Peer 1: 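Got a structure for you, questions after.
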Amino acid sequence: MTPDLLVVIAQEASTPSKFAQMVVDGVNLGGIYALLAVGFVIIFRATQVLNFAHGALAALGAFLVASFATVLDIPGRWIPNAPAWVSWTGAVFLALIAAALIGMALERVFLRPMVGEELFAVAIVTLGMDIVVRNITNDWIGPQPRPLGDPFGISVFDLGWVRIPYTVVTQTVVALLAVALIAYFFRSRMGVAMRATAFDQEAARAQGISVGRVFSTSWAIGAVLAALAGIFISLFPRRSTGVDPTTAFFAFRAFPAIIIGGLDSVVGALVGGLIVGFAEAGASSYLVGENWEFLGTGFAGIVPYLLMMVVLIIRPYGLFGTEEIRRV
Amino acid sequence: MRGRPMLYTRYESDQALLNTGTKKVMMGLFIVLLVLIPFGVVPGLTFLSQPDWMRLLSTVCIFAVGALGLNILTGLAGQVSLGHAFFMGLGAYTAAWFGVEPGPLSGLGLPMWVWLPLAGLVPAIVGVLIGPVAVRVRGLYLAFVTLGLVFIGEYIFRNWVYATGGPDSGRTFPSLEWKIWKEETPLVDFQSDGVWFGVEIIEEAKTYFLMLLLLVIFVLLAKNIQRTRVGRAFQSIRDRDIAAEIMGVNEVQYKLVAFGLSSFYAGIAGALLATFIGRTIPERWNLFLSVQFIAIILIGGAGVVSGVILGSVFVTVLPRLVQDFSSWLADYVSEGEGAFVWLADLFISTGSGDFGLVNTLPGVGPGLSVFQFNQVLYGLLIILFLIFEPLGLYGIWLRIRNYWKGWPFTY
């Protein structure tokens, strides 16, 4: 995939520093991967479910924003004089709430009956969920990409030596805010309950923690983070045309981030996301040109997987993952 | 021991492939049925002798071969693999490399008895080479390694144009014919109509017989792997790896063997699928294909050969049934007569402005296309089987059988 950003840059007369631009691209990609990875890891830690439907949830979130902001015009139709960014933000919030509800519903219907089953069996259930959610979402999206109707467009902060798209700034702020909120959440009553559940479901139950509510909450958080990532995937530096049927597959590249960080570490997910994002951005800006023609097209897209393989050979449980202790 | 079918006096008869008289008779009848189907002489199943259904049955056989491979790895050895499609692609391109006449793309023009075994061996070797990574990581991490394999494989297939033809046009594969060496007229040509033993036979039926024969060979192989030392070692690793090691099963070695065997089956299935279709693009060997195989062994029943075959029939024939059913429903609705038109109308949408779950006209009106509906159905079936019937179709069969065994008693 060619990042649109680089195409835009190539057309401009003044060329910004390649390295700085690569960093911006890396922050953009890394932020998206980190959002996806953190949501995934929270779900995995709290509910012991490996969520293969994460990409589908991301695409669904982006589609919800697109339909709320452009087709249905909610909440814009009730506040006719509000500036564009207000109604768009409103649409995003509504979409996030809807995504959270969908995530909770999916968990309640498909995964609650599987509590206590083998990890692998549950993972395959989410693979089935991915097929269902992805196909229905893609049917709603239709063959044409749907623009999200965002107020950012392709505007950039032009500093001469680097161009920073508005969306990247927004995304960084949102991602940092999300991480801060999650860190704060883990200290709240519910957060402590979630950590207890992650530690030992039965013991948590015995302490009077409503494990079912913990499951719902973690899926709500995971779905919101996935939807946020889905939104930023469908905005300017990545895909300015909007959400399309391939958006769901974008999230598959966040899986290496999760594995590199370690399946059960939130910090690892953050770090892994950034590593993978920078690796991919670096590959797509430096490993091009005549010297690298033998790599063919789409090499940047598999850099995350290659990185994952290398990390797994050295550390089979990722950089921050807990090593599984094998007892007889 | 007449009249006491479950009484075995020897270990061999307990472990026999067909260990009861009923099984022997039924299997014999079943094979006769399978052989008679293409001639359209089986009452009630004459429609199966039509070319499109014959092709579908050949596809079932091919998918069953592939699924048997995944079953060895996932069902017996308990190692989750999403990388099956990669090994199938590898097998297909190996077959093309050795089997196609030299041209703009790679090809050596060797006969089938060379390229078919090689199409299995090359993926098996690659599987064993990748094995050390796969053996080092455990459980869920393995699923991700194999997931990465599919994407890396897709990238290689896309870019290695000399071998794969590239993403635009794809490439052709060797034709299904039996030659001694590179002579002009093949001994047996499976892709043209002809006469076998004085009976007129269409090309689809010939292909079907070839695939059926190969399936029988690979079923026997899989069955024998399962009930001998290697298979029991796999199952002990699946059930408890540490316990297996303590009993003297070399875990690393047997996991590598499982990978190799599974990749061998996958490569053969990939080569057969590609030659059967004729021309295909690198994107065919994608994650969805892998998921399809997982669906087959989960719906059929993981770890059971007959379950895997049931699953292949189910997963391969289902799209065709859904398609026939929805086009039949669409006709039914457009005729507008009958008591259940309203019900059918809820299900199907036949034009713009008509709301229905499934849309038979592509791109018009709301509703899922038949293809998408099939996919959603796959997904739902995987979920529902895992929740309600983890043993799959085989589990359902087992319950029916046990019910009649004890009939009229419930125990």
Side-chain angles (χ1 to χ4, degrees), chain A residues 44 50 52-53 109-114 117-136 138-140 142-143 249 252-253 255-256 258-259 262-263 294-299 301-302 304-310 312-314 316-318 321 324 326-328, chain B residues 74 78 80 82 130 132-134 136-145 147-156 158-161 167 240-243 246 287-288 291 294-295 298 302 359 363 366-369 371-388 390:
Chain A
F44 178 69
L50 207 66
F52 278 106
V109 175
F110 292 132
L111 294 168
R112 201 64 69 78
M114 297 294 288
E117 297 280 335
E118 243 180 291
L119 278 181
F120 164 56
V122 185
I124 300 296
V125 169
T126 64
L127 209 57
M129 255 165 59
D130 169 67
I131 298 175
V132 174
V133 176
R134 178 158 46 81
N135 275 287
I136 292 177
N138 286 350
D139 180 58
W140 285 340
F249 289 112
F252 274 110
R253 266 185 271 157
F255 285 140
I258 298 154
I259 296 296
L263 260 176
F294 68 93
L295 288 177
T297 52
F299 182 72
I302 64 156
Y305 293 107
L306 293 174
L307 208 60
M308 172 179 84
M309 299 269 184
V310 172
L312 279 183
I313 292 170
I314 302 164
Y317 295 95
E324 183 193 326
R326 302 171 70 208
R327 287 203 184 86
V328 181
Chain B
T74 306
V80 190
L82 289 169
I130 295 171
V133 187
R136 197 165 149 74
V137 298
R138 274 167 200 290
L140 296 170
Y141 284 88
L142 181 62
F144 287 101
V145 170
L147 180 80
L149 214 55
V150 174
F151 285 101
I152 293 171
E154 240 188 290
Y155 159 81
I156 295 171
R158 251 198 334 265
N159 284 295
W160 194 4
V161 178
R240 194 92 178 97
D241 48 357
I242 297 174
I246 288 168
L287 184 64
F288 177 64
V291 173
I294 288 191
L298 287 177
N359 185 356
L368 302 159
S369 70
F371 174 72
Q372 282 171 327
F373 181 67
N374 266 321
Q375 302 248 302
V376 171
L377 219 54
Y378 272 145
L380 278 177
L381 280 170
I382 294 176
I383 296 172
L384 294 179
F385 266 107
L386 274 168
I387 293 179
F388 295 111

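Here is how names work: the chains are called A, B, and so on, in the same order as the sequence lines, proteins then strands, and each is numbered from 1. Please read these numbers as outputs of a predicted model, since none were measured by experiment.
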Peer 1: Heavy-atom distance under 4.5 Å to chain A: side chain of B:Leu381, backbone, both or neither?
Peer 2: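 Neither part; nothing is under 4.5 Å.
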
Peer 1: Go through B:Val291, B:Ile382, B:Val376 and name the one with the most non-hydrogen pairs under 4.5 angstrom from chain A.
Peer 2: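 The residue among B:Val291, B:Ile382, B:Val376 with the greatest pair count is B:Val376.
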
Peer 1: Check whether the ring centres of B:Phe144 and A:Tyr305 lie less than 6.0 Å apart, and answer yes or no.
Peer 2: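 Not under 6.0 Å, so no.
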
Peer 1: Once you round to the nearest 0.5 Å, how far does CG of A:Leu127 lie from CD1 of B:Ile294?
Peer 2: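 Taking CG in A:Leu127 and CD1 in B:Ile294, the distance rounds to 6.0 Å.
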
Peer 1: Report the C-alpha separation of A:Asp139 and B:Phe373 in whole Å, then their side-chain angles, then the decisive distance to 0.1 Å, and conclude whether the side chain to side chain contact (heavy atoms under 4.5 Å, CB included) test is met.
Peer 2: CA-CA 10 Å; A:Asp139 180 58; B:Phe373 181 67; over 6 Å; no

Peer 1: Do you know which of A:Val133, A:Ile124, A:Leu111 has the most heavy-atom pairs under 4.5 Å to chain B?
Peer 2: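 Looking at each option in turn, the highest pair count goes to A:Ile124.
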
Peer 1: Between CZ of A:Phe249 and CZ of B:Phe288, what distance do you get to the nearest 0.5 Å?
Peer 2: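 Those atoms lie 9.5 Å apart.
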
Peer 1: Can you check whether B:Leu82 reaches A:Phe52 side chain to side chain, under 4.5 Å on heavy atoms?
Peer 2: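 With C-beta onward as the side chain, the pair touches.
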
Peer 1: So which pairs with a foot in residues 147-156 of chain B pass salt bridge (Lys or Arg N to Asp or Glu O under 4.0 Å), sequence neighbours left out?
Peer 2: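 Sorted result for residues 147-156 of chain B: empty, none.
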
Peer 1: On a heavy-atom basis, which atom in A:Met308 and which in B:Val145 lie closest, and how many Å separate them?
Peer 2: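 Looking at all heavy atoms of both residues, the shortest contact is CE-CA, 3.9 Å.
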
Peer 1: Distance from A:Met309 atom CE to B:Ile130 atom CD1, nearest 0.5 Å?
Peer 2: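 One finds 7.0 Å between CE of A:Met309 and CD1 of B:Ile130.
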
Peer 1: Between B:Ile152 and chain A, which part of the residue has a heavy atom less than 4.5 Å away: side chain, backbone, both or neither?
Peer 2: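 For B:Ile152, heavy atoms of backbone and side chain both lie under 4.5 Å from chain A.
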
Peer 1: What part of A:Pro113 gets within 4.5 angstrom of chain B, counting heavy atoms only: side chain, backbone, both, or neither?
Peer 2: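 Side chain of A:Pro113 only, per the 4.5 Å heavy-atom cut-off to chain B.
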
Peer 1: Under 4.5 Å heavy-atom distance to chain B, tell me which part of A:Ile314 shows up: side chain, backbone, both or neither.
Peer 2: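 Contact with chain B involves the backbone of A:Ile314 alone.
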
Peer 1: Give, as side chain, backbone, both or neither, the part of B:Leu287 having an atom under 4.5 angstrom from any heavy atom of chain A.
Peer 2: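 Only the side chain of B:Leu287 comes within 4.5 Å of chain A.
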
Peer 1: Could you tell me which portion of A:Ile136 (side chain, backbone, both or neither) has an atom closer than 4.5 angstrom to a non-hydrogen atom of chain B?
Peer 2: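 When you check distances to chain B, atoms from both the backbone and side chain of A:Ile136 fall under 4.5 Å.
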
Peer 1: Identify the heavy atoms of A:Asn135 and B:Gln375 that sit nearest to each other, and give their distance.
Peer 2: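 That closest heavy-atom pairing would be ND2-CB, 3.2 Å.
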
Peer 1: Supply the atom-to-atom distance B:Ile156 CD1 to A:Phe299 CZ, rounded to the nearest 0.5 angstrom.
Peer 2: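 Between atom CD1 of B:Ile156 and atom CZ of A:Phe299 there are 10.0 Å.
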
Peer 1: Checking B:Tyr141 side chain against A:Leu263 main chain: does a donor-acceptor pair fall under 3.5 Å?
Peer 2: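 Checking the backbone N and O of A:Leu263 against the side chain of B:Tyr141, a donor-acceptor pair under 3.5 Å is found.
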
Peer 1: Measuring heavy-atom distances to chain B, does A:Asn138 have an atom under 4.5 Å in its side chain, in its backbone, in both, or in neither?
Peer 2: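 For A:Asn138, heavy atoms of backbone and side chain both lie under 4.5 Å from chain B.
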
Peer 1: With the side chain counted from C-beta on, respond yes when B:Ile387 and A:Glu117 share a heavy-atom pair under 4.5 Å apart, and no when they do not.
Peer 2: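 Side-chain contact under 4.5 Å: no.
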
